[in-house]
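Notes for the one structure printed next.
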There are 2 protein chains.
Amino acid sequence: MTEYPLDGTGAVPAAEIAAAWDRELPGVPTSSIGVITPLWRVAKALADERRRTLRRLGIDPATLDLLSTLRRAGEPWTLTTRELAERCLVTAGAISQRVARAEREGLVTRSPSTASRRAVSVMLTDRGHEVVRRAVRGLLAHEETLVANLAPGERRVLGELLEKLGEGVRGGGGRDVPLEPPARSRP
Amino acid sequence: MTEYPLDGTGAVPAAEIAAAWDRELPGVPTSSIGVITPLWRVAKALADERRRTLRRLGIDPATLDLLSTLRRAGEPWTLTTRELAERCLVTAGAISQRVARAEREGLVTRSPSTASRRAVSVMLTDRGHEVVRRAVRGLLAHEETLVANLAPGERRVLGELLEKLGEGVRGGGGRDVPLEPPARSRP
DNA sequence: AGGTCTATGTTTAGACCTAAACATACAGGA
DNA sequence: TCCTGTATGTTTAGGTCTAAACATAGACCT
């Protein structure tokens with residue numbers, strides 16, 4: 001049997017989740033659920049769609065993120081691994097692995113940077129250019145249809161609210177995680 | 001050196017990304033970027049925060065998702081693996097692995113369902129109850145502070161727009177991924 | 001009864017990520 | 001010059017997920 005994560009059918013509405021916690025664990029603050037739950041579901045649905053779309057286009061999301069970051073950088077389509085880690089928002093270790101995979105497939109080359117001997121320059125190959133061009137065109141065309149549900153004004157508002165939420169999250173919110181003394185039995 | 005994904009500092013603004021594609025690959029539709037890029041960044045920032053918070057609370061996100069889904073189900077805190085897969089939105093294979101790990105740690109038990117011989121019932125243990133109680137309290141308290149940046153009205157609007165976007169995404173958008181014939185050289 | 005289709009779980013291979021340990025390369029001061 | 005601290009990359013261990021192959025168990029039809 002081929003598996004697939006069940007679509008929305010089985011997803012419990014966020015409001016029900018909040019109500020369930022309020023019932024099962026009275027006193028917990030549940031107001032974040034109405035935002036965070038739908039956000040994660042959309043993010044997952046988008047990630048699933050993107051994975052499927054890119055699969056048809058012959059590439060995986062992590063590799064495309066790498067290649068498109070190089071492509072967007074403009075001539076000479078070269079960045080150090082440090083710059084890549086910053087722009088892709090993943091650890092240097094993850095970049096190291098992504099680059100190793102892409103290099104194996106002939107999509108990028110790795111060479112000591114001219115500027116510093118400890119830096120490594122990653123450059124898009126001709127084959128990498130071709131792959132990223134095809135994939136980005138196909139992907140953006142598809143994702144355009146995914147957001148078509150929202151009117152331009154709604155998209156703008158959504159984008160702005162997400163940016164604002166992001167500031168709060170990256171700020172780390174209040175620095176608290178109220179810890180309780182470990183207990184033994186169920187209340 | 002301890003690694004960490006760089007915070008927002010290195011993140012290129014979504015508008016710049018769209019402008020870069022418009023310049024580098026003229027003609028591609030870029031209007032989805034203003035929504036999808038901030039959405040993914042917030043989702044990642046939230047996932048990172050949650051991972052760190054739960055680490056302090058002694059549990060990982062996947063296991064808490066499993067335990068809290070059982071806890072929210074109410075008495076007798078038991079679901080089949082199928083129901084778990086539907087509610088957690090991951091494949092049955094992933095649930096199988098999550099349950100195996102949680103069982104190893106004594107947080108749940110696995111037993112043949114009374115209703116059907118092919119189904120498997122997963123039940124929260126007393127230890128599982130205690131762990132989920134502590135973790136959910138700590139997590140929701142923390143996440144409450146993460147969304148504090150948004151006024152109640154903004155949260156409501158954001159939640160609604162996300163739900164609406166979700167419908168479009170799960171619908172799969174238009175069924176198109178315009179494929180081009182593979183080419184050889186860079187344009 | 002027998003055959004076929006579907007539902008439910010488990011296992012495995014392959015990707016991917018983070019966190020932490022290493023390994024260098026510099027830079028700046030004593 | 002030597003030492004120490006910091007910046008840059010790579011490697012490895014452990015965890016997580018999907019996709020696909022298996023293995024049963026029921027259901028339904030003839």
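Order of the sequence lines sets the chain letters (A, B, ...), proteins ahead of strands, with each chain counted from 1.
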Atom pairs and distances, side-chain donor-acceptor, residues 13-23 of chain B, under 3.5 Å, sequence neighbours left out:
none

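- What separates CD1 of B:Ile95 from P of C:dT11 is a distance of 15 Å, to the nearest Å.
- Side-chain proximity of A:Arg98 to C:dC17, C:dG9, D:dT18: nearest is C:dC17.
- Side-chain nitrogen and oxygen atoms of B:Thr81 include at least one within less than 4.0 Å of the OP1 or OP2 phosphate oxygen of C:dG9.
- Take the nearest nucleotide of DNA chain C for B:Arg110 and for A:Arg101: the residue whose nucleotide is more 5' is B:Arg110.
- Residue-to-nucleotide proximity on DNA chain C shows that, of A:Ala62 and B:Arg55, the 5′-proximal contact is made by A:Ala62.
- For the pair A:Arg98/A:Leu84, no side-chain contact is recorded, criterion being any heavy-atom separation below 4.5 Å from C-beta on.
- Applying the 3.5 Å distance criterion, the base of C:dT8 shares no donor-acceptor pair with the side chain of B:Glu83.
- Nearest nucleotide to the B:Val90 side chain, out of C:dT8, D:dC17, D:dT8: D:dC17.
- Using the Watson-Crick or G-U wobble rule with both distances under 3.5 Å, C:dT8 pairs with D:dA23.
- Going from atom CG of A:Leu64 over to atom P of C:dC16 covers 12 Å, rounded to whole Å.
- Nearer to the 5' terminus of DNA chain D, by closest-nucleotide assignment, is the contact made by A:Ser96 (compared with the other of B:Asp60 and A:Ser96).
- As rounded to whole Å, 17 Å separates atom C1' of C:dG14 from atom CD1 of A:Ile59.
- Picking from D:dG9, D:dT18, C:dC17 the nucleotide with the shortest atom distance to the side chain of A:Gln97 gives C:dC17.
- Criterion: ILVMFWY side-chain heavy atoms under 4.5 Å apart, direct or through other members. Under it, A:Val99 and A:Leu107 are part of a common hydrophobic cluster.
- Counting to the nearest Å, the P atom of D:dG15 and the CG atom of B:Leu66 are 16 Å from each other.
- In this structure, the CZ atom of B:Arg82 is 16 Å from the P atom of D:dG26, given to the nearest Å.
- The side chain of B:Arg51 lies closest to C:dA19 when the candidates are C:dG9, C:dA19, D:dT18.
- Comparing B:Pro61 and A:Val120 by the nucleotide of DNA chain D that holds the closest heavy atom to each, the one mapping nearer the 5' end is A:Val120.
- In this structure, A:Leu89 atom CG and C:dC17 atom C1' are separated by 14 Å, rounded to whole Å.
- For the pair A:Arg127 (side chain) and A:Glu105 (backbone), a donor-acceptor distance under 3.5 Å is present.
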What donor-acceptor contacts under 3.5 angstrom involve side-chain atoms of residues 24-39 of chain A, with partners at least two apart or in another chain?
from    : atom 1 : to       : atom 2 : distance (Å)
A:Glu24 : OE1    : B:Arg71  : NH1    : 2.4
A:Ser31 : OG     : B:Glu144 : OE1    : 3.4
A:Ser31 : OG     : B:Glu144 : OE2    : 2.4
A:Ser31 : OG     : B:Arg155 : NH1    : 2.8
A:Thr37 : OG1    : A:Ile33  : O      : 3.3

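- Between A:Lys44 and D:dT18 there is a side-chain N or O to OP1 or OP2 distance below 4.0 Å.
- Atom CZ of B:Arg56 is separated from atom P of C:dA19 by 12 Å (rounded to the nearest Å).
- Computed from coordinates, the B:Leu54 CG to C:dT18 C1' distance equals 15 Å when rounded to whole Å.
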